[in-house]
Amino acid sequence: MDERYRHKEIEEKWQKIWEEQNLFKVTEDPKKEKYYLLEMFPYPSGKIHMGHVRNYSIGDVLARYKKMKGFNVLHPMGWDAFGMPAENAAIDHGVHPAKWTYENIDYMRNQLKRMGFSYDWDREFATSDVSYYKWEQLFFVRMYEKGLAYKKRSFVNWCEICKTVLANEQVMSDGTCWRGHADDPGVIQKELDQWFFKITAYAEELLEWCDKLPGWPERVLTMQRNWIGKSIGAEIHFPLENSKDIIKVFTTRQDTVFGATFMSLAPEHPLALSLSKGTGQEQVVREFVEKMRRQDKAKRTAETAEKEGVFTGGSCLNPMTQARMPIFVANFVLMEYGTGAVMAVPTHDQRDFEFAKKFGLPLIMVVQPEDRVLDARTTTEAYEEEGILVNSGQFNGMDSVKAREKIAQYLDEKGLGGDRISYRLRDWGISRQRYWGAPIPIIYCDRCGTIPVPEKDLPVVLPSNVEITGTGESPLKGVKEFVETRCPKCGGPGRRETDTMDTFVESSWYFDRFASPDYDKGPLDKKRVDYWMPVDQYIGGIEHAILHLLYSRFFTRILREMGWVSVDEPFTNLLTQGMVCKEVYECPKDGYLFPDEAEGQGETIRCRKCGEQISIGRLEKMSKSKKNVVDPEYLVENYGADTARMFCLFASPPEKDLDWSDQGVEGSARFLNRVWRLFYEQHGHLQNVKPLPFGTILDGGRKSLRQKVHKTIKKVTEDIERFHFNTAISAVMELVNEIYVSEIKDNDDDGSRRVMREAVETVVILLSPFAPHFAEELWEALGDRESVIKTRWPDYDPEAVLEDEILIVVQVNGRLRDRITIPASYGEEEVKMWALKSERIRKLVEGKEIKRVILVPKKLVNIVC
RNA sequence: GCCGAAGUGGCGGAAUUGGUAGACGCGCUAGAUUCAGGGUCUAGUGGGGUCACACCUGUAGGGGUUCGAGUCCCCUCUUCGGCACCA
């Protein structure tokens, strides 16, 4: 054994051995309990970052631990390889997206291997492999046949920087692109023909299952519930004046229908323009609609935005009162929600109230609170609470909750509408005007229309001879050999669809493919998928709380319907890890600085460029633009992968953000070195020594050390099970500290050596999921031939952890006054007696009447007087 | 505005169910090491107070429940995240 801990040599040595022995390869084994552990696979952007290191270190602890616990562990890794950065690289550097992507993959695979993660590399694939995306094209074709994939001309979110369409989920609440560009001008609305997946068909099921995922963080479920946004209400039909047509509205407050005095339409509503024809309002409406279309939607629909609108010239009738209701176009009405038309009840909706005041429209109070009387003539705001119905015909006097039910029933009976449920969730737009993605397998024929590519003709291979320009048109449009084809139905000339699929489609089923990545007779080998799915533990960043996780849940249902998977939900347990943060250096003149662009210390840190005093300290997520990243490669080089892993796990619990600290990394390195020195000093005299069997009776230093060992086994096991890796590591640190100061450390007798052997052996085993190379090397130094990961995770000896003397805290009136050590065997009365016998307690209690004595077994006595 | 999470030493963080607040690590202090420095080992380290005890005080702030509250309840403040004219 080397006197010094040489991380580089050790890590290379063991990575080679693991690979040679194919140690992490798994196959289905019905005799063993399976455990599918998955971390979100990376986009091959070039290099791994600290977020990956943290995510995958957490996963690797669990994978290795479960393996040692005897589970058949599936722990795969692959690449989310389609996407825009590859095209940007093509535009910026003239390198083909495929070359760029696969070179990045090679580099990053190597980096992951250097971290020592226990992946079954035989299962690796990239989503840009034809052997992967061809199955996605098969899904598309089948979905098209079932009406789950359809094409629609509509207004879609368009990012000017990405030059492509975004799904609703990909637009942030401030109206910017989810990718986070600098100086994002905001997503605009563009009218395009787009393919959609019918996720709304599963809105109810996706929502219901939010209550059946106890292994998911509540906040993720809450976000998904909000996103689906279920509202229970009614549809009401309003007949147009002078026409047989009707306007349908959705409302959750059908109890206020008698108070509806006007109508508001979304600017995109087809009736908006047609109603105005010949009324003299045509020009005004046209201008308003045009203006709205050009406006950033997030701005237009922000709550603070001024309520704007114009009269269409048309009117409809309130079906309950027959009152005439003028029809307006209003900026706050959304075409995508409900029916794009809103019955306006200014007395009971604040938006309508403000709108009515602006245009001098009538107010009719129809719901009265029970404790006061509201007057429509004097009220200054809408009353939106429940109450008793007035001015509402046969529903007068009814409670508003009850009235909602009765009015919906009435509408249904009269053919004027009825109960409806509306969702905020909209269908998933998947068309992207991009090259580097899976082609949508559709052919357009002038005679036969839209024809899916027959299954026997799949895959539609992405051509490689393409010019990437970044104009906003799909680059595939320029590839003649790709576009021009034959119609599969009539054999005449046909044109291929040139848009590609959203890359979130690939990540919606990759976890299924990992179960049978080599299968070529279909997308999934049912038997193997049934063995492995669902994923027992999924780990990744909270930023995917809606996007990826909701799409994956939807896709699982599609694959279930098609018979490829048997599960309802893909991920049983979800762990969302926090971000990796570091302080930023910001100069008032030169912006963000790298740490070495600053000089000085403490209060007087200055910019090297301009000499200006700079601010420091604010913690932000590591990002290139903020110049606060730490390159994992630097860490591995200087400290080793094991230290990097230890730090990520020790510094903070997984769900919380991790604050980067160079000194913290030093601390982790120091700990490993401390363990190394202990072994260097001890391994010689502990080789081929066997630990004592369970139940052995000991005393003195042997007993106390052995007790600490078994307590540590118990603690670390429990902590790993509940993902408290930081406290698991601190428990091992405590054990190491205790070994250092143990009085039996250098004893030569058989008993001491056997206790010591067990102690150091336990340190290695407990540390092995965290610092695997380090543990292997020490394990070998102790004389063991087999890899430490093949060792069974130890059980603790229940007898060894028992204490014969325990510390009892003695309180007087709830305040700590003394601590006494007594034999653990003492009964209640004896404990109380000894507590009262304590000198300090006697002084405090003297002359007072003892009213009560409370005893918490093995913990405390509280004397009340 | 609504919903959710959080607030503990100089710092990162401990404290499964109400029962010794501050484990472990960083930093700092002292001592040791034939000791330049660094490294290593040992000990100390919430604040006040004391030679040392005793004692007082302390988990964002205020109130409450309890023999006992970081933990439970109510109110307030701050931070972060989500949703936000969704009819």
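Just the heavy atoms: all of them, side chains too, but no hydrogens, waters or symmetry mates, feed the values below. First the proteins, then the strands, lettered A, B, ... as listed; each starts at 1.
An anti orientation is assigned to B:G38, its glycosidic angle lying beyond 90° of 0.
Look at CZ on A:R4: it is 12 Å from P on B:U40, rounded to the nearest Å. The distance between atom CG of A:L658 and atom P of B:C80, rounded to the nearest whole Å, is 19 Å. The distance from atom CZ of A:F725 to atom P of B:U16 is 18 Å, rounded to the nearest whole Å. Taking atom CD1 on A:I232 and atom P on B:A87, their separation rounds to 11 Å, with Å as the unit. Following rounding to the nearest Å, A:Y423 (OH) and B:A87 (C1') show an atom-to-atom distance of 17 Å. Nucleotide B:U40 holds its P atom 6 Å from the CZ atom of A:R677, rounded to whole Å. Between A:F353 atom CZ and B:C85 atom P the separation is 20 Å, expressed in whole Å. Rounded to whole Å, the distance from CD on A:Q224 to P on B:G81 is 20 Å.
Within 4.0 Å (heavy atoms only), A:D349 reaches no atom of the nucleic acid at all. A:D352 comes within 4.0 angstrom of no nucleic acid atom, judged by non-hydrogen atoms across all strands. Within the 4.0 angstrom heavy-atom criterion, base atoms lie near A:E718. Within the 4.0 angstrom heavy-atom criterion, no nucleotide atom of any strand lies near A:V345.
Comparing A:M223 and A:V342 by the nucleotide of RNA chain B whose heavy atom lies nearest to each, the residue mapping closer to the 5' end is A:M223. Mapping A:L860 and A:V864 onto RNA chain B via the closest heavy atom, the residue that lands nearer the 5' end is A:L860.
Remark: B:U34 base-pairs with no nucleotide in the shown strands. Criterion, Watson-Crick or G-U wobble with two distances under 3.5 Å. Pairing partner, B:U71: none, since no Watson-Crick or wobble contact has both distances short of 3.5 Å. Nucleotide B:U16 is matched to nothing when pairs are restricted to Watson-Crick or G-U wobble geometry with both distances under 3.5 angstrom. Of all nucleotides present, only B:C80 satisfies the Watson-Crick or G-U wobble test against B:G4, with each distance under 3.5 Å. Within the shown strands, nothing qualifies as a pairing partner of B:C86 under the Watson-Crick or G-U definition with both distances less than 3.5 Å. Nucleotide B:G46 forms a pair with B:U57, judged by Watson-Crick or G-U wobble geometry with both contacts under 3.5 Å. B:G10 and B:C26 make up a base pair, with Watson-Crick or G-U wobble contacts both under 3.5 Å.
The A:Y337 side chain lies nearest to B:C86 when the options are B:C86, B:C83, B:G19. Distances from the side chain of A:N331 to the nucleotides B:U16, B:G19, B:C85 place B:C85 closest. Here B:A15 is the nucleotide among B:U20, B:A15, B:G81 with the atom lying nearest to any side-chain atom of A:T727. Side-chain atoms of A:K859 lie closest to B:G19 of the nucleotides B:A87, B:G19, B:G4. Comparing atom distances between the A:R219 side chain and each of B:U16, B:A14, B:G4 picks out B:G4 as nearest. Which of B:A87, B:C83, B:G12 sits closest to the side chain of A:D659 comes down to B:G12.
A donor N or O paired with an acceptor N or O is not found under 3.5 Å between the base of B:C83 and the side-chain atoms of A:N226. Looking at A:K307, its side chain comes within 3.5 Å of the base of B:C85 through a donor and an acceptor atom.
In A:E805, the CD atom is crowded: over 12 heavy atoms of neighbouring residues, nucleotides or ligands sit closer than 6.0 Å. At most 12 non-hydrogen atoms from other residues, nucleotides or ligands lie less than 6.0 angstrom from NZ of A:K248.
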Verify ring-ring contact (aromatic ring centres under 6.0 Å, His included) between A:Y680 and A:Y5, making sure each step is shown before the conclusion.
-> CA-CA 10 Å; A:Y680 180 70; A:Y5 165 40; over 10 Å; no

Residues A:R225, A:E218; criterion salt bridge (Lys or Arg N to Asp or Glu O under 4.0 Å); working and verdict = CA-CA 10 Å; A:R225 286 188 195 105; A:E218 199 47 51; 3.2 Å; yes

Show your working on side-chain contact (heavy atoms from CB on, under 4.5 Å) between A:R553 and A:C210 and close with a plain yes or no.
-> CA-CA 10 Å; A:R553 295 182 60 214; A:C210 285; 3.7 Å; yes

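Within the 3.5 Å criterion, the main-chain N or O of A:S400 finds no donor-acceptor partner in the side chain of A:E386. A:N628 places a side-chain N or O within donor-acceptor distance of the main-chain N or O of A:S623, the cut-off being under 3.5 Å.
What you find for A:L389 and A:D255 is that their closest heavy atoms are CD2-O, 3.5 Å.
When the side-chain nitrogen and oxygen atoms of A:H348 are compared with OP1 and OP2 of B:A87, none of them lie within a distance under 4.0 Å. Contact check, A:S231 against B:A87: a side-chain N or O comes under 4.0 Å of OP1 or OP2. Under 4.0 angstrom from either OP1 or OP2 of B:G13 there lies at least one side-chain N or O belonging to A:K656. The phosphate of B:A14 has OP1 or OP2 within less than 4.0 Å of a side-chain N or O from A:N726. At least one side-chain nitrogen or oxygen of A:R351 sits closer than 4.0 Å to the OP1 or OP2 atom of B:C86. At the phosphate of B:A87, neither OP1 nor OP2 sits under 4.0 Å from any side-chain N or O atom of A:R253.
A:R424 forms a cation-pi arrangement with A:W227, by the criterion of a distance under 6.0 Å to the ring centre and an angle within 45° of the ring axis. A cation-pi arrangement is absent between A:K307 and A:F355 under the rule of less than 6.0 angstrom and at most 45 degrees off the ring axis.
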Would you tabulate the nitrogen or oxygen pairs shorter than 3.5 Å linking the protein to nucleotides 24-28 of chain B?
from: B:G25; atom 1: OP1; to: A:N737; atom 2: ND2; distance (Å): 3.2
from: B:C26; atom 1: OP1; to: A:R670; atom 2: NH1; distance (Å): 2.7
from: B:C26; atom 1: O2'; to: A:Q663; atom 2: OE1; distance (Å): 3.3
from: B:G27; atom 1: OP2; to: A:R670; atom 2: NH1; distance (Å): 3.3

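Remark: the separation of the C1' atoms in B:A6 and B:U71 is 14 Å, to the nearest Å. The gap from the C1' atom of B:U76 to that of B:A21 amounts to 25 Å, rounded to the nearest Å. A distance of about 10 Å separates the P atoms of B:U45 and B:C53, rounded to the whole Å. A distance of about 33 Å separates the P atoms of B:A60 and B:C51, rounded to the whole Å. Remark: the separation of the P atoms in B:U8 and B:A23 is 16 Å, to the nearest Å. Comparing the C1' positions of B:A36 and B:U50 gives an interatomic distance of 40 Å, to the nearest angstrom. Taking the P atoms as reference points, B:G62 lies 25 Å from B:G13, given to the whole Å. Comparing B:C11 with B:G27, their C1' atoms sit 7 Å apart, to the nearest whole Å.
Distance check, rounded to the nearest 0.5 Å: CG of A:L836 to CD1 of A:I850 gives 5.0 Å.
The closest side-chain donor-acceptor pair between A:N737 and A:R674 falls under 3.5 angstrom.
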Encode nucleotides 50-58 of chain B as B, S and - characters from 5' to 3', where the letter depends on protein heavy atoms closer than 4.0 Å: B to the base, S only to sugar-phosphate, - to neither.
-> -----SSS-

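Side-chain contact between A:R253 and A:V345 is absent, with no heavy-atom pair separated by less than 4.5 Å.
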